[in-house]
Novice: 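Encoded as structure tokens, here's the structure I'll be asking about.
As a basis for the values below, the full set of heavy atoms in this structure was taken, side chains included, without hydrogen atoms, waters or symmetry mates. Every value quoted in this text rests on a predicted model; they were computed, and no experiment measured them.
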Amino acid sequence: MAWAVHPEWKDWVDKVKAELEAVVKAIARFEPVRLLTAPDQIADARARFSGGNVEIIEAPVDDIWMRDIAPIFALRGGEVVAIDCNFNGWGNTRERRARPGDRLAATAGAIFGVPRICAPFIAEGGALITDGEGTLVTTESCLLDPDRNPFGSVEVRKRSIERTLEEFGVRRLIWLRGDPCEPVTSGHIDGYALFTKPGAMLVEAIDDSDVTPPQWRACDIEILENSRDAHGRRLRVERVLAPRKQYWKFKGNMFAPCYLNAYLANGEVIGACFGDGKRDGAAKDALARAFPGRRIEMLRIDHIAAGGGGVHCLTQPMPKPDGTEWK
């Protein structure tokens, strides 16, 4: 994770820090947290996290969205490797220009002492979800975005990315449409879908009189319900209803009220709640059924969500070198 709340948060800096601190401490109760910290925020981090299960590491980081700016850590023959997806600031658009701190993947391998592998395309961690057994789901709106990958036609880009992912161990790639109008991230899959185990997933559906459900969401859910994984199993898809707009703390187009943008810690699932008692409870129950034996914790992170992300977006997990089975 990162302790690097950028000044762009303006009057919300303290509120974002408070929400981020709650997420860090919730995860640290169940597993070690390596907190990459900007040099000018080291003292603040030490004051908040001293004595806990948090290691503060000075690093050239200037943003909190570690799922995207950090490399994706994976296992290769039992060895941890850092996959650099050449993050370019979500396409380096006018909405959010790329910054030097975005290239954390180039130095993270050295920080953690693991080999770095460079992908031949541009992506972000939030654009990919995997079941750990060779099945990967992504969206065309993000990975085929010309601001990320402008080479060749759409089909040429798709085939090139597919070949690379096959080299990385993906045996079944499921393309969803995604949301090309989503601000900054162009339709990240981790905003509305979550693998719960190989062959099963939760997906967020919209049923709200104040919101017109986008056609792409219904299309993506149908694709998932009719897809098979790397082992040929038809995916078991359970729908979770998104929080209703009347309960949102903020109504801006960046606000990301996502239940399934959750982090799976060792023994815990950490997600967000939004004040919609009925839907919050139903989402918590769905997560509890999907992850029996794990504690389910739902945090209020409204200001972080107003910046376009959730709990999952704040984290980048690293597996143990000897590997672990999915439990």
Novice: Same cluster or not: are Ile64 and Leu299 linked, directly or through other Ile, Leu, Val, Met, Phe, Trp or Tyr residues, by side-chain heavy atoms under 4.5 angstrom apart?
Specialist: yes
Novice: Taking Glu204 for its side chain and Ala242 for its backbone only, find out whether a donor-acceptor pair lies under 3.5 Å.
Specialist: no
Novice: Calculate, to the nearest 0.5 Å, the distance between atoms CZ and CG belonging to Arg171 and Asp229 respectively.
Specialist: 8.5 Å
Novice: Does the distance from a Lys or Arg side-chain N to an Asp or Glu carboxylate O, for Asp63 and Arg96, drop under 4.0 Å?
Specialist: yes
Novice: Salt bridge (Lys or Arg N to Asp or Glu O under 4.0 Å), that's the test. Do Glu238 and Arg289 meet it? Break it down for me.
Specialist: CA-CA 11 Å; Glu238 179 180 349; Arg289 290 192 302 271; 2.5 Å; yes
Novice: Once rounded to the nearest 0.5 Å, what's the spacing between atom CG of Leu173 and atom CG of Leu128?
Specialist: 9.0 Å
Novice: Are the side chain of Gln316 and the backbone N or O of Pro71 linked by a donor-acceptor pair below 3.5 Å?
Specialist: yes
Novice: Taking atom CG of Asp14 as the centre, report whether more than 12 heavy atoms of other residues, nucleotides or ligands fall under 6.0 Å from it.
Specialist: no
Novice: Rounded to the nearest 0.5 Å, what's the gap from CG on Leu165 to CG on Leu143? Could you check?
Specialist: 7.5 Å
Novice: Using modelled atom types only, decide if a donor and an acceptor are shared between the side chain of Arg116 and the backbone of Asp84 within a distance under 3.5 Å.
Specialist: no
Novice: For Glu79, does the CD atom have more than 12 heavy-atom neighbours from other residues, nucleotides or ligands under 6.0 Å away?
Specialist: yes
Novice: Just to verify, what does His303 make a ring-ring contact (aromatic ring centres under 6.0 Å, His included) with, not counting sequence neighbours?
Specialist: Trp12, Phe250
Novice: Minimum heavy-atom separation for Pro60 to Leu104, with atom names?
Specialist: O-CD1, 4.4 Å
Novice: First locate atom CG of Leu35, then atom CZ of Arg48, and finally report the distance between them rounded to the nearest 0.5 Å.
Specialist: 11.0 Å
Novice: Can you hop from Ile270 to Leu260 via hydrophobic side chains spaced under 4.5 Å?
Specialist: yes
Novice: Apply the side-chain contact (heavy atoms from CB on, under 4.5 Å) test between Phe73 and each candidate in Val114, Val81, Ile83; give the one that qualifies.
Specialist: Val114
Novice: Without swapping roles, check the side chain of Arg294 against the backbone of Val269 for a donor-acceptor pair under 3.5 Å.
Specialist: no
Novice: Which heavy-atom pair separates Ile221 from Ala205 by the least distance, and what is that distance?
Specialist: CD1-CB, 4.0 Å
Novice: Are Leu202 and Ile296 connected into the same hydrophobic cluster when the rule is that any two of I, L, V, M, F, W, Y join if their side-chain heavy atoms are below 4.5 Å apart?
Specialist: yes
Novice: I want to check something: taking the side chain as every heavy atom from C-beta on, are Trp175 and Thr139 in contact at a cut-off of under 4.5 Å?
Specialist: no
Novice: Walk me through it: do Lys251 and Lys245 pass the test side-chain contact (heavy atoms from CB on, under 4.5 Å)?
Specialist: CA-CA 8 Å; Lys251 303 286 196 300; Lys245 190 173 184 177; 3.8 Å; yes
Novice: Given Cys313, which partner from the list Asp68, Thr185, Asn261, Ile304 fulfils the side-chain contact (heavy atoms from CB on, under 4.5 Å) test?
Specialist: Asn261
Novice: Is there side-chain contact between Asp280 and Tyr259, with at least one heavy-atom pair below 4.5 Å?
Specialist: yes
Novice: In residues 23-32, what donor-acceptor pairs under 3.5 Å come from side-chain atoms, sequence neighbours left out?
Specialist:
from: Lys25; atom 1: NZ; to: Glu21; atom 2: OE2; distance (Å): 2.7
from: Arg29; atom 1: NH2; to: Glu297; atom 2: OE1; distance (Å): 2.7
from: Arg29; atom 1: NH2; to: Glu297; atom 2: OE2; distance (Å): 3.1
from: Glu31; atom 1: OE1; to: Asn266; atom 2: N; distance (Å): 2.9
from: Glu31; atom 1: OE1; to: Asn266; atom 2: ND2; distance (Å): 3.2
from: Glu31; atom 1: OE2; to: Tyr263; atom 2: OH; distance (Å): 2.4

Novice: Taking all non-hydrogen atoms of both residues, which atom of Asp145 and which atom of Ser186 are closest, and how far apart?
Specialist: OD2-OG, 3.6 Å
Novice: Would you say the side-chain atoms of Arg234 and Ser227 include a donor-acceptor pair closer than 3.5 Å?
Specialist: no
Novice: Looking at CG of Leu136 and CD1 of Ile129, how far apart are the two atoms once the value is rounded to the nearest 0.5 Å?
Specialist: 8.0 Å
Novice: Could you pull out all residues at least two apart from Asp220 that satisfy side-chain hydrogen bond (donor to acceptor under 3.5 Å, both in side chains)?
Specialist: Tyr192
Novice: Please confirm whether the backbone N or O of Arg46 pairs with a side-chain atom of Ser50, one donor and one acceptor, at under 3.5 Å?
Specialist: yes
Novice: If only atom types and distance count, is the side chain of Asn92 paired as donor or acceptor with the main-chain N or O of Ala98 below 3.5 Å?
Specialist: yes
Novice: What's the shortest heavy-atom distance between Ala230 and Thr135, and which atoms?
Specialist: N-OG1, 2.8 Å
Novice: Determine whether a donor-acceptor pair (N or O, by modelled atom type, separation under 3.5 Å) exists between the side chain of Asn149 and the backbone of Phe121.
Specialist: no
Novice: Applying side-chain contact (heavy atoms from CB on, under 4.5 Å) to Ile72 and Phe168, what does each step give before you reach the verdict?
Specialist: CA-CA 12 Å; Ile72 298 171; Phe168 287 166; over 6 Å; no
Novice: Going from CG on Asn86 to CG on Asn88, what distance comes out if it is rounded to the nearest 0.5 angstrom?
Specialist: 8.5 Å
Novice: Taking atom NZ as the centre, does Lys158 end up with more than 12 heavy-atom neighbours from other residues, nucleotides or ligands that are less than 6.0 angstrom away?
Specialist: yes
Novice: Find out if a path of hydrophobic residues (ILVMFWY) with successive side-chain heavy-atom gaps under 4.5 Å connects Ile122 to Phe151.
Specialist: no
Novice: Of the non-hydrogen atoms in Glu19 and Ile301, which two are nearest, and what is the gap between them?
Specialist: OE1-C, 3.3 Å
Novice: Kindly indicate, with the supporting measurements, whether the criterion salt bridge (Lys or Arg N to Asp or Glu O under 4.0 Å) is fulfilled by Arg163 and Glu166.
Specialist: CA-CA 5 Å; Arg163 285 193 297 269; Glu166 287 174 3; over 6 Å; no
Novice: Is it true that the side chains of His188 and Glu182 contain a donor and an acceptor less than 3.5 Å apart?
Specialist: no
Novice: State whether the side chain of Arg67 and the backbone N or O of Leu314 hold a donor-acceptor pair below 3.5 Å, judged by distance alone.
Specialist: no
Novice: Please assess Glu55 against Phe49 for the test side-chain contact (heavy atoms from CB on, under 4.5 Å), listing each intermediate value before the final yes or no.
Specialist: CA-CA 8 Å; Glu55 179 185 2; Phe49 304 108; over 6 Å; no
Novice: Closest approach of Cys142 and Ala127, non-hydrogen atoms and distance?
Specialist: SG-CB, 3.7 Å
